[in-house]
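As structure tokens, the structure follows; a few thoughts come after it.
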Amino acid sequence: MADQVLCSACRSLNLFLFVILTSILANVAFVCAKSTIEPCSNSDSCNALLGYTLYTDLKVSEVGSLFQVDPISILTANAIDVSYPDVENHILPSQLFIKIPISCSCVDGIRKSVSTRYKTRPSDTLSSIADSIYAGLVSSDQIREANSIADPSLLDVGQTLVVPLPCTCFNGTDNSLPAIYLSYVVQPEDTLSGIAFRYSTTITDLMDVNAMGNPAIKAGDILAVPLPACASKFPSYASDFGLIVPNGSYAITASHCVQCSCGPGNLNMYCMPAPFAVSCSSMQCKNSNLMLGNVTAQQSSAGCNVTSCSYGGFVNGTILTTLSSNLQPRCPGPQQFPPLKAPPTTVIRDTNFAPAPAPQFDGSGSPAPSSGLIPSTTGSLPGLPPASGPIGSTSGMNSAPSSAFSLMNPLASIPAAFLLFILVNYIMSFSLC
């Protein structure tokens, strides 16, 4: 009788431990997410980038439709020459890696892009849409949840789906310097050191931004990669307030009237009339004969008198210009621009997963000027927020960088051997009783 009571107590204890074990494992699985999640508490948005690999040959306009973004903005974000004839109908080759500019919003307390809509076709499944068409930037579960789909096997042809895409803002800074964040899908051949080198940053900075406990990554993880950038100082009432341009690229604003560039020599944004500007408001600075982007320099015994006509934002259909004069030690040289590329027709080996374009590589087989900027990580430790950088980065909801989840959930650090011991002990209790 005593043995039966003891056996019953033993089973009850082990059942309790088994429930705890199951809960722990479920919790660990939940926090092991695909992308970094940035909590937010307001409705503002920022400019962000997606690293996208084309699943098939697509026209520039088709890529724009796939993400609901301006095709011209895709070209300028990748420093592709927009002056080519009929460039929006140029066919981009399959497996080409490009950057897609998006607006990153605050939705349900986290940063994400929810402006993308996709209309289903006869052969589509949630998995094919997520893994192939959107190149792993989203999971099938995310699409299912965002659209309240009860049965994923029952998709109507022509059904419009919201496609939630990963993005981060971190106040447009990285270690107190202007930055724009690229959501990058890790490829099988990637290493964290290789990604850091490719994007002119450091392993420590990538680990800090993505809240990683160690540099281990796996294919399919989505990393938030900070790119050095030029930040605008437009007034808050301007429609392009908060414009930020990654180093080595361009942006089109003011209804296609103004083109702004960043680098390669510095991180000062330079704006001028766009090459295809038509039906635009005046771009001449008041009380001068200078047009937007013009700079005059006059050497004197005291230094160089520099006068410039700068872009000040787009307000109610009007292009704001600012005339400024100052004395500088020496006269500035000619403005340097990021090198433009012809619309690509082939994918060059070993650049499929590189930035397209990147400041250090122009996609044509020869190095382009590098920004030379390596964010400082003084005072920060791997796995902790950088001393002066993004704060509050947590692992994402859908499958985070493979090493990030242990930082977000203390339970994930419980030794696997201990968990296994509980499970084995539970099973053995039945054979002993």
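FYI, the numbering just counts along the sequence from 1.
At least one side-chain heavy atom of I195 sits less than 4.5 Å from a side-chain heavy atom of I217. Residues L227 and N247 are not in side-chain contact: their nearest non-hydrogen atoms beyond the backbone lie 4.5 Å or more apart. Between T296 and Q298, every side-chain heavy-atom pair lies at or beyond the 4.5 Å cut-off. Contact check for P164 versus V138: side-chain heavy atoms found under the 4.5 Å cut-off. At least one side-chain heavy atom of F337 sits less than 4.5 Å from a side-chain heavy atom of M272. V347 is listed as a side-chain neighbour of L96, based on a closest heavy-atom distance under 4.5 Å. For the pair I149/L161, a side-chain contact is recorded, criterion being any heavy-atom separation below 4.5 Å from C-beta on. Here the side chains of P226 and L206 are in contact, with some heavy-atom distance below 4.5 Å.
In this structure, the side chain of D81 engages the main chain of S83 through a donor-acceptor pair within 3.5 Å. Judged by distance alone, with hydrogens and angles left aside, the side-chain atoms of D205 form no donor-acceptor pair with the main-chain N or O of T202 at under 3.5 Å. K341 contributes a side-chain N or O that, together with a main-chain N or O of P339, makes up a donor-acceptor pair within less than 3.5 Å. In this structure, the side chain of D57 engages the main chain of S94 through a donor-acceptor pair within 3.5 Å. Side chain of Y134 to main chain of L165: no donor-acceptor pair is present (N/O by atom type, distance under 3.5 Å, no hydrogens or angles). When atom types are taken as modelled, the side chain of T76 and the backbone of I72 share a donor-acceptor pair closer than 3.5 angstrom. Between the side chain of S140 and the backbone N or O of L126 there is no donor-acceptor pair closer than 3.5 Å. Remark: side-chain polar atoms of Q187 are paired, donor with acceptor, to backbone N or O of V185 under 3.5 angstrom.
Across all their heavy atoms, L323 and C285 have their closest contact at N-SG, 3.9 Å. Residue V278 comes nearest to C257 through the heavy atom pair O-SG, 4.2 Å, listed as atom of the first residue, atom of the second, then distance. Across all non-hydrogen atoms, the minimal contact from S288 to Q284 is O-NE2, 2.8 Å. Nearest approach of P338 to Y250, heavy atoms of both residues: O-OH, 2.6 Å. Of all non-hydrogen atoms in L50 and P166, the two that sit nearest each other are CD2-O, 3.3 Å. For the residue pair V157 and P122, the shortest heavy atom distance occurs at CG2-CA, 3.8 Å.
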Could you walk me through whether F67 and I74 pass the side-chain contact (heavy atoms from CB on, under 4.5 Å) check?
CA-CA 10 Å; F67 292 92; I74 296 175; 5.8 Å; no
Residues V87, F276; criterion side-chain contact (heavy atoms from CB on, under 4.5 Å); working and verdict:
CA-CA 12 Å; V87 68; F276 44 76; over 6 Å; no
Check the pair D156 / K119 against salt bridge (charged side-chain N to carboxylate O under 4.0 Å, His left out), numbers first and verdict last.
CA-CA 10 Å; D156 297 327; K119 185 172 289 188; over 6 Å; no
Please assess H256 against D70 for the test side-chain contact (heavy atoms from CB on, under 4.5 Å), listing each intermediate value before the final yes or no.
CA-CA 10 Å; H256 287 185; D70 181 2; 2.5 Å; yes
Assess whether side-chain contact (heavy atoms from CB on, under 4.5 Å) is satisfied between I143 and Y118, documenting all intermediate values.
CA-CA 10 Å; I143 299 177; Y118 177 78; over 6 Å; no
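The distance from atom CG of L320 to atom CG of L292, rounded to the nearest 0.5 Å, is 10.5 Å. Going from atom CD of Q159 over to atom CG of N147 covers 7.0 Å, rounded to the nearest 0.5 Å. S73 contributes atom OG, which lies 11.0 Å from atom CD1 of I102 (distance to the nearest 0.5 angstrom). Between the CD atom in E38 and the SG atom in C46 there is a gap of 7.0 Å [rounded to 0.5 Å]. Atom CZ of residue R111 and atom OG1 of residue T36 lie 14.5 Å apart, to the nearest 0.5 angstrom. In this structure, CG in L182 is found 14.5 Å from OH in Y52, a value given to the nearest 0.5 Å.
Checked options D240, T322, T321; the residue passing with Y311 is D240 (criterion: side-chain hydrogen bond (donor to acceptor under 3.5 Å, both in side chains)).
Here F234 and F314 keep their ring centres 6.0 angstrom or further from each other.
Annotation: D151, atom CG; neighbour count of heavy atoms from other residues, nucleotides and ligands within 6.0 Å is above 12. In N266, the CG atom is crowded: over 12 heavy atoms of neighbouring residues, nucleotides or ligands sit closer than 6.0 Å. Atom CG of N316 has 12 or fewer neighbouring heavy atoms from other residues, nucleotides or ligands inside a 6.0 Å radius. Around CG of N326, the count of heavy atoms belonging to other residues, nucleotides or ligands within 6.0 Å exceeds 12.
Side chain to side chain, S325 and T307 meet the donor-acceptor criterion of an N or O pair below 3.5 Å. If you check the side chains of T173 and N171, you find no donor sitting under 3.5 Å from an acceptor. Checked by atom type, the side-chain pair S324/S308 shows a donor-acceptor distance below 3.5 Å.
With C167, the cysteine C104 has an SG gap short of 2.5 Å. Between C106 and C40, the gamma sulfurs sit within a distance below 2.5 angstrom.
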